[in-house]
> 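Got a structure for you, written out below as structure tokens; questions coming shortly.
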Amino acid sequence: MSGFDIAIDGPAGAGKSTIAKLVAKEKNMIYVDTGAMYRAMALYMLRNKVDLEDRDAIAGKCQGAEITIKYQDGVQCVFLNGENVNDLIRTEEVSIAASKTSAVPEVRKKLVSLQQELAITESVVMDGRDIGTKVLPNARLKIFLTASTKVRARRRFDELLEKGMKADLMEIEKDIKERDRMDMTRAESPLVQAPDSVLLDTSDMSIKEVADKIISLVDW
Ligand code: DC
């Protein structure tokens, strides 16, 4: 680890990736979206028709998924067995599948090592669920970003509409609650606030306010 990493954790839709990208740009650091790796793994399971309730099947299959990260024009691209899957991993189906597959210890082991490798040579702003607690326990700054379920659902709804996709607010809120439940109650690296992290509730904050707040906490 470079010793100057920023870990941003929190539930789905708290604004982690938007904020992490802004902070990384401002501080000239590399942004790593770990959720995208779990999403690529979930896509692999869906494509291979693995039963997502069968943890042994997921554990057995995950070694066949070669997941790598590359940066193209500063944008993180996640590759699944050589294919850029960035545009295929943002659907609700993949979101739910990622929440399920990410609970399997073998999946986490594989992706956590990859994430730790990425931080060896570079100073990173990494976002996810277990970055401050597990992936980068020595991160110089740890943030726990959260917001109310209603606000998170509304943000996701607006994001989908902006992309021209169909969305149902009630359905999204239900999915977010279900993902929170799965992410927080799993046995392996559940989503919890690291004791040495700064808690930021972004429900009533603008993107700029949150980014400015985090940048003000960076002491290097
Ligand atoms: O951040 P995201 O919504 O793209 O993440 C997708 C899923 O991946 C999420 O439901 C939980 C899982 N995840 C995880 O378990 N650990 C991480 N570090 C990042 C994501």
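When a ligand or atom number is given, it counts from 1 through the structure's own listing order.
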> Who pairs with Asn84 by side chain to side chain contact (heavy atoms under 4.5 Å, CB included), at least two apart in sequence or on another chain?
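Applying side chain to side chain contact (heavy atoms under 4.5 Å, CB included) to Asn84 gives Gln72, Cys77, Phe79, Asn86.
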> Please write down residue, atom name and distance for the protein heavy atom closest to atom 8 (O) of ligand 1.
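For atom 8 (O) of ligand 1, the nearest protein heavy atom is Tyr38 CB, 3.4 Å.
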> What is the closest protein heavy atom to atom 7 (C) of ligand 1, and at what distance does it sit?
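So the nearest neighbour among protein heavy atoms is Ala98 CB, 3.7 Å.
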> Students should be able to answer this: which protein heavy-atom is nearest to atom 6 (C) of ligand 1, and at what distance?
Arg179 NH2, 3.6 Å
> Do the charged groups of Arg90 and Asp33 touch, with an N to O distance under 4.0 Å?
yes
> Would you say Arg108 contacts ligand 1, with heavy atoms under 4.0 Å as the rule?
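Flag set, Arg108 near ligand 1.
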> Relative to the heavy atoms of Gly128, which atoms of ligand 1 are at a distance of less than 4.0 Å?
17 (C), 18 (N), 19 (C)
> What is the closest protein heavy atom to atom 19 (C) of ligand 1, and at what distance does it sit?
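Its nearest protein heavy-atom neighbour is Thr34 OG1, 3.3 Å.
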> Can you tell me which residue and heavy atom of the protein come closest to atom 9 (C) of ligand 1, and the distance to 0.1 Å?
Arg129 NH2, 3.3 Å
> Taking the minimum heavy-atom distance to atom 18 (N) of ligand 1, which of Thr101, Asp130, Asp33, Ile96 ranks first?
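Among Thr101, Asp130, Asp33, Ile96, the closest heavy atom to atom 18 (N) of ligand 1 belongs to Asp130.
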> So among Arg155, Arg152, Glu209, which one has a side-chain hydrogen bond (donor to acceptor under 3.5 Å, both in side chains) with Thr202?
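Only one of Arg155, Arg152, Glu209 forms a side-chain hydrogen bond (donor to acceptor under 3.5 Å, both in side chains) with Thr202, namely Arg155.
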> Is the number of heavy atoms from other residues, nucleotides or ligands under 6.0 Å of Ile207 CD1 greater than 12?
no
> Considering heavy atoms of the protein only, find what lies nearest to atom 4 (O) of ligand 1 and give residue, atom and distance to 0.1 Å.
Arg39 NE, 2.6 Å
> Record the part of Ser102 in heavy-atom contact with ligand 1 below 4.0 Å; permitted values are side chain, backbone, both and neither.
side chain
> Which heavy atom in Ala119 sits nearest to a heavy atom in Val124, and how many Å separate them?
CB-CG2, 3.9 Å
> Which distance, rounded to the nearest 0.5 Å, do you find between the CD of Glu178 and the OG of Ser95?
12.5 Å
> Take a 6.0 Å sphere around CG of Asp51 and say whether it holds more than 12 heavy atoms from other residues, nucleotides or ligands.
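Yes, because the 6.0 Å sphere around CG of Asp51 holds more than 12 heavy atoms from other groups.
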> Is the contact between Arg186 and ligand 1 made by the side chain, the backbone, both, or neither, using heavy atoms and a 4.0 Å cut-off?
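Near ligand 1, Arg186 shows its side chain, while the N, CA, C and O stay back.
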> CG of Asn28: more than 12 outside heavy atoms within 6.0 angstrom?
no
> If you have a sec, work out which protein heavy atom is nearest atom 10 (O) of ligand 1 and how many Å separate them, to one decimal?
Asp183 OD2, 3.1 Å
> Just heavy atoms, cut-off under 4.0 Å: does Met37 contact ligand 1 by side chain, backbone, both, or neither?
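It is neither; nothing of Met37 touches ligand 1.
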> Which residues satisfy the side chain to side chain contact (heavy atoms under 4.5 Å, CB included) test with Lys134, sequence neighbours excluded?
Asp130, Glu188, Ser189
